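For clarity, every value in this text was computed on a predicted model and none was experimentally measured.
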Amino acid sequence: MPTPDTVRAVFGNFELEGAGDPARRKDYYDLLRSLDPHLIGRAEVRGVGPGHDYLFAVEDALTPPGRPHLRPRTILGGPAVADLRTAVLFRPDVFRPVRRSDPQPPGSPWGCPPTSVDLRLTAYPTATRELVFTVAHHHYASPAARALEAQELTKAADRRDHADRSGDFPNGRPREALTVLDANSYPEPGTPGDTPPPDPHSIRDLSHVTHRFVLTEDGRIIPDTYSDRILRTAGMEDIARHLALATGRTDVLAPADGYPDQAGPCRVDRAYGTPGLLSAVEDFRVVETAGLSDHPLLLISLSHQRLAEVLTP
């Protein structure tokens with residue numbers, strides 16, 4: 001079987017699972033399949049009933065026509081409120097799962113439990129380091145909960161393999177990680193071309209102000225950027241931000257549309273990578289899903305060869 005030169009990872013947040021319009025859902029999966037993804041992160045999977053027959057239908061919808069050997073496999077996260085789950089789908093010709101590594105629930109309930117999987121490259125048996133792929137969906141209503149959740153997500157890059165030591169890391173090198181999430185909060189403002197946080201006084205949905213902003217002791221209302229700052233402080237860079245600063249591209253910073261009463265567009269869907277993962281990034285695209293979802297798709301293209309080099313001890 002030919003080994004692809006480029007590994008494509010896609011993140012999507014689609015809210016019409018199960019109870020939605022079947023024709024619209026089919027169009028969404030047709031678009032997703034057209035991207036020929038090898039790794040998929042799903043932030044909102046709905047309608048997974050007993051026996052998970054629904055997941056079989058999703059896998060079937062994403063299988064390239066006439067190529068059943070490329071059928072993706074699903075690893076499903078734990079249930080949350082409103083029948084929401086996260087999920088990882090992977091193509092077995094590119095990735096081999098080694099273990100589940102879901103973050104443990106922090107002190108405040110998760111908005112939706114993350115799914116985290118340690119993956120090895122199928123075609124490169126000497127690449128014995130693992131890529132930690134995590135799909136998360138932050139709590140929609142609590143900055144404090146999101147900060148706790150983000151702190152837990154930093155463990156993806158912190159876990160160490162004592163067999164993979166170096167002079168700089170005598171206790172084992174930090175792991176390589178790709179984390180995709182609906183952050184339900186803002187990236188730190190200031191990147192040229194990025195959508196700035198809205199003025200909280202312009203938001204008509206007042207409960208949304210308490211969901212996305214923080215009230216300081218001196219009475220100011222400031223945007224919640226905790227998650228972004230925590231992940232980047234831990235060495236997991238916002239991939240779109242990284243490319244925008246390195247290349248001047250602003251298309252990578254395209255936001256989700258948002259709702260008018262909540263001040264409109266916002267880049268809540270983000271992907272974060274550790275330094276080795278970043279070195280393998282060839283391209284990043286925000287794929288428009290107008291009429292199919294209120295969130296775009298994020299498409300991260302990685303050099304398969306470079307990723308193998310990064311994951312080889």
Side-chain angles (χ1 to χ4, degrees), residues 6 8-13 35 41 43 134 136-138 140 143 146-147 150 153-154 157 176-203 208-209 211-214 216 220-290 293-303 306:
T6 299
R8 289 173 292 278
V10 177
F11 173 59
N13 188 342
L35 301 176
T134 303
H137 186 192
H138 274 340
Y140 84 96
R146 290 192 292 265
L153 293 178
T154 65
E176 296 296 342
L178 173 60
T179 297
V180 293
L181 77 160
D182 177 349
N184 273 323
S185 56
Y186 303 105
E188 187 171 5
T191 303
D194 207 355
T195 303
D199 176 355
H201 303 290
S202 71
I203 298 175
H208 189 72
V209 177
H211 296 168
R212 295 285 176 89
F213 289 80
V214 179
T216 67
R220 291 177 299 125
I221 303 175
I222 62 174
D224 172 22
T225 61
Y226 289 151
S227 178
D228 180 60
R229 288 185 286 126
I230 287 170
L231 291 171
R232 291 196 295 111
T233 299
M236 300 174 67
E237 184 56 79
D238 175 352
I239 297 175
R241 179 181 186 273
H242 171 79
L243 285 179
L245 292 175
T247 68
R249 288 175 56 187
T250 58
D251 61 295
V252 298
L253 301 170
D257 289 338
Y259 297 102
D261 61 337
Q262 297 176 350
C266 175
R267 194 164 63 88
V268 295
D269 302 304
R270 300 196 290 274
Y272 292 82
T274 47
L277 188 283
L278 282 176
S279 74
V281 173
E282 295 180 328
D283 194 18
F284 183 97
R285 286 176 52 204
V286 180
V287 180
E288 179 58 60
T289 59
S293 173
D294 59 350
H295 291 260
L297 291 167
L298 305 184
L299 173 61
I300 306 124
S301 298
L302 305 164
S303 163
R306 176 56 188 156

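- If you check the side chains of R229 and T233, you find no donor sitting under 3.5 Å from an acceptor.
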Exercise. Checking side-chain contact (heavy atoms from CB on, under 4.5 Å) for the pair T134/L178: CA distance, chi angles, key distance, verdict?
Worked result: CA-CA 6 Å; T134 303; L178 173 60; over 6 Å; no
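- Rounding to the nearest 0.5 angstrom, the gap separating the CG atom in L35 from the CZ atom in R285 is 6.5 Å.
- Minimum heavy-atom separation, P255 to T195: CG-OG1, 3.4 Å.
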Problem set entry | Chi angles and distances behind the side-chain contact (heavy atoms from CB on, under 4.5 Å) call for Y272, D228 | CA-CA 9 Å; Y272 292 82; D228 180 60; 2.6 Å; yes
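- Between the side chain of D283 and the main chain of S301, no donor-acceptor pair closer than 3.5 Å is present.
- Distance CG/L277 to CG/L302: 5.5 Å, rounded to 0.5 Å.
- Scanning both residues, L245 and P192, for their nearest heavy atoms gives CD2-CD, 4.0 Å.
- From N184, atom CG reaches atom OG of S227 across 10.0 Å, with rounding to the nearest 0.5 Å.
- Every pair passing salt bridge (Lys or Arg N to Asp or Glu O under 4.0 Å) that includes a residue from residues 250-264 is listed here, sequence neighbours excluded: R249-D251.
- Atoms CZ and CG, on R306 and L278 in that order, are 11.0 Å from each other to the nearest 0.5 Å.
- Residue F284 forms a side chain to side chain contact (heavy atoms under 4.5 Å, CB included) with just one option from T247, L299, V252, and that option is V252.
- With sequence neighbours excluded, the residues that form a salt bridge (Lys or Arg N to Asp or Glu O under 4.0 Å) with R241 are E237.
- For the 3.5 Å distance criterion, the side chains of T274 and E176 qualify, holding a donor opposite an acceptor.
- Side-chain contact between Y186 and P198: present, with at least one pair of heavy atoms (C-beta onward) separated by less than 4.5 Å.
- In this structure, N13 contributes its side chain and A43 its backbone to no donor-acceptor pair below 3.5 Å.
- In terms of heavy atoms, S303 sits closest to E282 at CB-OE2, 3.4 Å.
- Taking T216 as the reference, D218 meet the side chain to side chain donor-acceptor pair (under 3.5 Å) condition, with sequence neighbours excluded.
- Comment: R267 engages D238 in a salt bridge, judged by a side-chain N to carboxylate O separation of less than 4.0 angstrom.
- No side-chain N or O of H138 forms a donor-acceptor pair with one of S185 less than 3.5 Å apart.
- In terms of the ring pair (Phe, Tyr, Trp, His ring centres under 6.0 Å) criterion, residue partners of H211 (sequence neighbours excluded) are, by chain and number, Y140.
- Of the listed residues (T225, D224, I222), just one forms a side chain to side chain contact (heavy atoms under 4.5 Å, CB included) with P143, and that residue is D224.
- Nearest heavy-atom pair across T289 and P296 is OG1-CA, 3.7 Å.
- Not one N or O on the side chain of R212 forms a donor-acceptor pair closer than 3.5 Å with the backbone of P223.
- Residues meeting the ring pair (Phe, Tyr, Trp, His ring centres under 6.0 Å) test with F11, sequence neighbours left out: none.
- Separation of atoms CG (L243) and OG1 (T250) is listed at 12.0 Å; rounding is to 0.5 Å.
- Applying the ring pair (Phe, Tyr, Trp, His ring centres under 6.0 Å) test to Y226 and every residue at least two apart in sequence or in another chain returns nothing.
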Problem set entry | side-chain contact (heavy atoms from CB on, under 4.5 Å) between L153 and I230, worked out | CA-CA 9 Å; L153 293 178; I230 287 170; over 6 Å; no
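- Of all non-hydrogen atoms in L253 and A244, the two that sit nearest each other are CD1-CB, 3.7 Å.
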Problem set entry | Candidate pair V286 and L298, rule side-chain contact (heavy atoms from CB on, under 4.5 Å), full reasoning | CA-CA 5 Å; V286 180; L298 305 184; 4.1 Å; yes
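- Closest non-hydrogen pair, V180 versus A271, comes out as CG1-CB, 3.8 Å.
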